[in-house]
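Below: one structure, written as structure tokens.
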Amino acid sequence: MAVLNQKSVLDMIKEFRRNWHALCNSERMTICGADSMLLVLQLSMAENNKQHSGEFTVSLSDVFLTWKYLLHEKLNLPIENVKVIDHYEDIRKTYDDFLKNSNMLDLIDVYQRCKILTSNCENNTISPSQLRDFLSGKQHAEGDETDLYVPISPVSKQNQDNEKVQLVARKIFFSYLNLLVNSKNDLALAHILNIPDRGLGREAFTDLKHAAREKQMSIFLVATSFIRTIELGGKGYAPSPSDPLRTHVKGLSNFINFIDKLDEILGEISNPSIAGGRILSVIKMQLIKGHNSRDPFYKAVEEVAQDLDLRIKNIINSQQGGVAVSTTDISPARPKSYTINHGTAYCGRDTVKTLLVLLDEEAATVPTKNKAELLHDDENTIHHNGTSILTLFRGYKFTCWKINNWNKFWKCSSGQE
């Protein structure tokens with residue numbers, strides 16, 4: 001059942017991509033998978049609580065309750081036995097606005113847009129209840145004994161740790177690729193802004209977030225415009241000395257210049273297989289720099305880079321199998337008004353389309369079983385300099401976040417009592 005539903009979800013996404021020009025206004029729009037949907041909901045609820053009670057705080061029990069209601073409400077499934085949390089309409093609006101501003105659609109949005117296609121065959125459509133079961137992870141509930149308690153041995157503990165490091169490495173790679181394809185994706189940026197360590201912690205992210213809200217721009221565009229002004233502008237165009245971003249110039253410059261390097265590869269190498277491999281290699285070298293080759297994170301980064309490189313080649317091979325490859329030297333037609341990227345339309349477009357397929361496959365990944373661990377994102381288990389997503393999006397004037405279910409607190413102090 002799990003494999004069937006996952007394949008149906010991926011087929012749905014492929015149908016959406018084939019008809020994107022009729023369903024959305026940007027070919028670079030990325031898809032928010034189940035885990036990312038839950039993270040965005042958590043952030044939306046915390047933001048709503050901040051507006052109503054003054055604290056950026058949310059309990060896991062409330063998140064799970066609202067997650068269940070959201071799935072039923074968005075899919076127009078019966079909700080008689082599903083409890084609705086206070087201020088749900090406000091939470092839903094914050095959730096929708098976050099996705100819209102980040103140029104993302106969640107899997108339910110994709111489903112709803114595919115429904116309007118008159119050419120969509122019934123046999124290729126996933127049902128609302130199947131999509132709900134997929135997103136909620138119900139495919140693990142029947143005939144799955146993996147959640148039973150098993151005594152943890154030193155070997156199994158090591159395997160669990162290695163698996164976590166592998167998942168972290170994958171998240172980092174996919175976040176870089178996601179931001180490269182969709183520069184408005186604030187969630188992807190939050191995952192990698194300070195990975196590797198650039199001195200861009202919670203305070204830097206908060207300053208960027210506040211500037212982005214004030215200017216109604218994406219966080220990446222705010223950071224880019226600030227650094228471009230510093231590097232290219234004269235004294236008359238220099239940011240004010242009181243601009244909070246001035247204290248983060250070094251780290252922001254490092255980050256923007258690294259993304260520029262990836263963009264250059266995208267725009268200068270016409271072969272998507274070579275370009276994709278080069279992009280992965282540059283990201284890999286940035287991540288393992290300073291790490292010992294025996295470090296689990298070092299090994300995980302190498303393995304993930306190798307796996308993604310192979311997947312890119314497989315995607316290209318499958319695409320070439322269905323379409324004859326042109327060998328003429330005739331220049332391509334002028335790109336349409338909705339082209340994927342005017343700056344790299346003649347060179348990087350095929351690479352971006354390949355990366356979109358890779359990102360779509362990731363969006364169709366079966367959701368994480370342990371959703372509490374996903375939302376908690378314990379920094380002690382992460383083998384890099386990252387900070388949890390909720391911690392980053394929380395304004396640094398707030399001091400703590402209470403997890404009611406676990407009866408423990410994670411301190412989030414900005415250095416001020």
Side-chain angles (χ1 to χ4, degrees), residues 10 13-14 17-18 20 26-31 103-104 169-185 188-189 191-192 195-196 220-221 224 254-289 300-336 338-364:
L10 187 55
I13 295 174
K14 290 178 179 178
R17 288 296 178 197
R18 283 192 292 268
W20 73 267
S26 170
E27 193 172 3
R28 287 200 178 214
M29 180 170 278
T30 48
I31 296 173
N103 195 30
M104 290 194 292
R170 284 177 59 83
K171 182 188 293 183
I172 295 170
F173 270 98
F174 274 107
S175 295
Y176 270 112
L177 297 179
N178 215 313
L179 188 65
L180 186 61
V181 170
N182 175 15
S183 62
K184 293 183 178 181
N185 193 328
L189 179 141
H191 282 302
I192 56 174
I195 301 175
F220 180 76
L221 185 55
T224 301
N254 178 294
F255 179 69
I256 296 302
N257 290 335
F258 180 69
I259 301 299
D260 283 346
K261 184 185 298 185
L262 301 181
D263 250 327
E264 287 173 7
I265 297 171
L266 192 66
E268 294 176 359
I269 301 178
S270 59
N271 186 312
S273 178
I274 297 175
R278 186 74 58 82
I279 288 170
L280 292 172
S281 178
V282 170
I283 295 173
K284 180 187 76 171
M285 296 308 297
Q286 181 83 343
L287 295 178
I288 64 177
K289 184 178 180 181
V301 167
E302 286 201 319
E303 291 173 2
V304 171
Q306 185 176 7
D307 174 62
L308 295 184
D309 187 40
L310 180 61
R311 286 174 63 182
I312 286 176
K313 288 178 170 57
N314 288 339
I315 289 170
I316 294 169
N317 290 337
S318 65
Q319 291 173 337
Q320 291 177 342
V323 181
V325 180
S326 173
T327 58
T328 66
D329 293 326
I330 300 175
S331 298
R334 188 171 184 81
K336 304 289 186 181
Y338 51 74
T339 188
I340 200 160
N341 183 337
H342 288 285
T344 59
Y346 298 109
C347 191
R349 191 171 189 268
D350 287 341
T351 302
V352 173
K353 292 178 71 175
T354 300
L355 294 179
L356 274 170
V357 174
L358 185 66
L359 293 169
D360 287 347
E361 291 178 353
E362 186 65 12

If every non-hydrogen atom of [X] is compared with every non-hydrogen atom of [Y], which pair is closest and at what distance?
X: P272; Y: I316; value: C-CD1, 3.7 Å
X: L179; Y: L189; value: CD1-CB, 4.2 Å
X: A363; Y: I13; value: CB-CD1, 4.4 Å
X: T351; Y: A275; value: OG1-CB, 3.6 Å

Please check if the side chain of [X] supplies one atom and the backbone of [Y] the other of a donor-acceptor pair under 3.5 Å.
X: S281; Y: G277; result: no
X: N185; Y: M104; result: no
X: R28; Y: V181; result: yes

Euclidean distance, [Y] [atom2] relative to [X] [atom1], rounded to 0.5 Å:
X: N103; Y: N178; atom1: CG; atom2: CG; result: 10.0 Å
X: I279; Y: I269; atom1: CD1; atom2: CD1; result: 7.5 Å
X: L177; Y: N182; atom1: CG; atom2: CG; result: 12.5 Å
X: L359; Y: S175; atom1: CG; atom2: OG; result: 9.5 Å
X: L308; Y: E362; atom1: CG; atom2: CD; result: 8.0 Å

Are the side chains of [Y] and [X] in contact, using a 4.5 Å heavy-atom criterion?
X: R349; Y: E27; result: yes
X: Q319; Y: T354; result: yes
X: K284; Y: F173; result: yes
X: P196; Y: K289; result: no
X: K261; Y: V282; result: yes
X: I312; Y: L358; result: yes
X: R278; Y: L266; result: no
X: V304; Y: L280; result: no

Identify, with sequence neighbours excluded, every residue that meets salt bridge (Lys or Arg N to Asp or Glu O under 4.0 Å) alongside R17. D360
Residues that E302 engages under salt bridge (Lys or Arg N to Asp or Glu O under 4.0 Å), provided they are two or more places apart: none
Who passes side chain to side chain contact (heavy atoms under 4.5 Å, CB included) against R18, sequence neighbours left out? K14, E15
Could you list the residues that satisfy side chain to side chain contact (heavy atoms under 4.5 Å, CB included) with T224, not counting sequence neighbours? F220, R228, I256
Trace of the side-chain contact (heavy atoms from CB on, under 4.5 Å) decision for D350 with N271: CA-CA 8 Å; D350 287 341; N271 186 312; over 6 Å; no
Y176: which residues meet the ring-ring contact (aromatic ring centres under 6.0 Å, His included) condition with it, sequence neighbours left out? F258
Please list all pairs meeting salt bridge (charged side-chain N to carboxylate O under 4.0 Å, His left out) that have one or both residues in residues 304-314, counting only residues at least two apart or in different chains. R170-D307, D309-K313, R311-E361
